[in-house]
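Below, each value reflects all heavy atoms present in this structure, side chains not excepted, and no hydrogens, waters or symmetry copies. All values reported here derive from a predicted model rather than from experimental measurement.
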Amino acid sequence: MRGFSLAAKHESKARIGIARGPRVRSRQAERTEATRQKLLAAAERIFARDGFEAARLEDIAAGAGYTRGAFYANYGGKEEIFFALLEQWTRQRIDSVTAVLRRQKSPQQKLAALRKHYAEIAKDRRLVLISLEFKLFALRHPEAHARLRDRHRRMRATWGKLFAELLKALGRTLPISNPAASACCLALAQGLLLEQLVDPKTLSEEDVRHMLGVFFDSIFKGNST
């Protein structure tokens, strides 16, 4: 009986260990994700404040409440955390637009909602400034350039698919490819916002929103099929 009791006790401990294993891993994953999110938020602030090339890893780590070692435990360097930011921004933007479009009933309502979303994109100044900073950096560094180009192509393909579904419902086609339309929309938004930041007296936020709407209409008027 005593031997049986000991065996049962060991079996019980083993079962508890198996049960605890996933929970322990889950808590560790949650802590890791929380750390990464804090580092991403700090990187966004530091990149916007200092520029990509001038930003220091120590400042990003300190801004998140961690050490340089903690930074490297999660990201390989500034380029890696920038691409993590880009992935997060893209996912959030697409999720936001998709949610807005799902709430609309007709294709015309979906188009109007997409237009409104696009006209408001220029409000996100921090994102635009960081993106422009990194693009200039990437153009001078072939490996970063290739990686950014690949990421942009995948991002534009996703937007292009969204455009294609909406245009099909409207019975229209664009005069250029859907990925090209995505690239043009973003390029104009970034360019106008940059000019508005340089000289807000000449180009107001309302002017920017108006011109983005005009451009959107000219592109998505398309051709009837």
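How far CG of L114 is from CG of L162: 6.5 Å, rounded to the nearest 0.5 Å. A distance of 7.5 Å separates CG in L188 from CE in M211, rounded to the nearest 0.5 Å. Atom-to-atom distance recorded for L86:CG and I130:CD1 is 10.5 Å, nearest 0.5 angstrom. Atom CG in L167 sits 8.0 Å away from atom CG in L111 (nearest 0.5 Å).
A salt bridge (charged side-chain N to carboxylate O under 4.0 Å, His left out) check over residues 54-75, counting only residues at least two apart or in different chains, returns the pairs R56-D59, E58-R68. Note on residues 80-90: pairs passing side-chain hydrogen bond (donor to acceptor under 3.5 Å, both in side chains), not counting sequence neighbours, are Q37-Q88, E87-R151. Residue pairs meeting the ring pair (Phe, Tyr, Trp, His ring centres under 6.0 Å) criterion with at least one partner in residues 149-183, sequence neighbours excluded, are F163-F220. For the side-chain hydrogen bond (donor to acceptor under 3.5 Å, both in side chains) condition, the pairs that include at least one residue of residues 178-192, sequence neighbours left out, are K135-Q190.
Under the 3.5 Å distance criterion, the side-chain polar atoms of K78 are matched with a main-chain donor or acceptor of A55. Put simply, the side chain of R36 gets close to the backbone of N74: a donor and an acceptor are under 3.5 Å apart. Between the side chain of Y118 and the backbone N or O of C185 there is at least one donor-acceptor pair closer than 3.5 Å.
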Let me have the donor-acceptor pairs involving side chains of residues 95-105, under 3.5 Å, with sequence neighbours excluded, atom names and distances please.
unit_1, atom_1, unit_2, atom_2, d
T98, OG1, I94, O, 2.7
Q104, NE2, V100, O, 3.2

Would you tabulate the side-chain donor-acceptor contacts of residues 41-54 under 3.5 Å, counting partners in other chains and residues two or more places apart, or write 'none'?
unit_1, atom_1, unit_2, atom_2, d
R45, NH2, G63, O, 3.1
E53, OE2, R140, NH2, 2.5

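Salt bridge E206/R209: present, at least one basic N to carboxylate O contact under 4.0 Å. Ionic pairing of D150 and R154 is present here: one or more N-O contacts between side-chain nitrogen and carboxylate oxygen are shorter than 4.0 angstrom.
No path of Ile, Leu, Val, Met, Phe, Trp and Tyr side chains, each step under 4.5 Å between heavy atoms, connects L136 with L132, placing them in separate hydrophobic clusters. Under the 4.5 Å side-chain heavy-atom criterion for ILVMFWY residues, a single connected hydrophobic cluster contains both F83 and Y72.
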Step by step, work out the side-chain contact (heavy atoms from CB on, under 4.5 Å) result for R115 and D217. CA-CA 8 Å; R115 184 190 191 277; D217 292 340; 2.8 Å; yes

Take Q28 and T32 through the test side-chain contact (heavy atoms from CB on, under 4.5 Å) and record every step on the way to the result. CA-CA 6 Å; Q28 179 60 40; T32 298; 3.4 Å; yes

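Closest heavy-atom contact between A144 and E79: CB-OE1, 3.6 Å. The minimum heavy-atom distance between I81 and L39, with the atom names listed, is CD1-O, 3.7 Å. Of all heavy-atom pairs spanning L212 and A119, the tightest one is CD1-O, 3.9 Å. Taking each heavy atom of Y66 and A70 in turn, the nearest pair found is CB-CB, 3.6 Å.
The side chain to side chain donor-acceptor pair (under 3.5 Å) check on R147 picks up nothing, with sequence neighbours excluded. For A180, the side-chain contact (heavy atoms from CB on, under 4.5 Å) partners two or more places apart in sequence, or in a different chain, are I176, S177. Scanning for side-chain contact (heavy atoms from CB on, under 4.5 Å) contacts around S106 gives Q108, Q109, with sequence neighbours left out. Looking at residues two or more places apart in sequence or on another chain, you find a side-chain contact (heavy atoms from CB on, under 4.5 Å) between A84 and L40, Y75. Listed by chain and number, the residues in a side-chain contact (heavy atoms from CB on, under 4.5 Å) with R149 are H145, A146, R153 (sequence neighbours excluded). When the side chain to side chain donor-acceptor pair (under 3.5 Å) test is applied to E133, no partner is found at least two apart in sequence or on another chain.
Using a 4.5 Å cut-off on side-chain heavy atoms (C-beta onward), L139 and F134 make no contact. Proximity of F82 to F137: side-chain heavy atoms (C-beta onward) are nowhere separated by under 4.5 Å.
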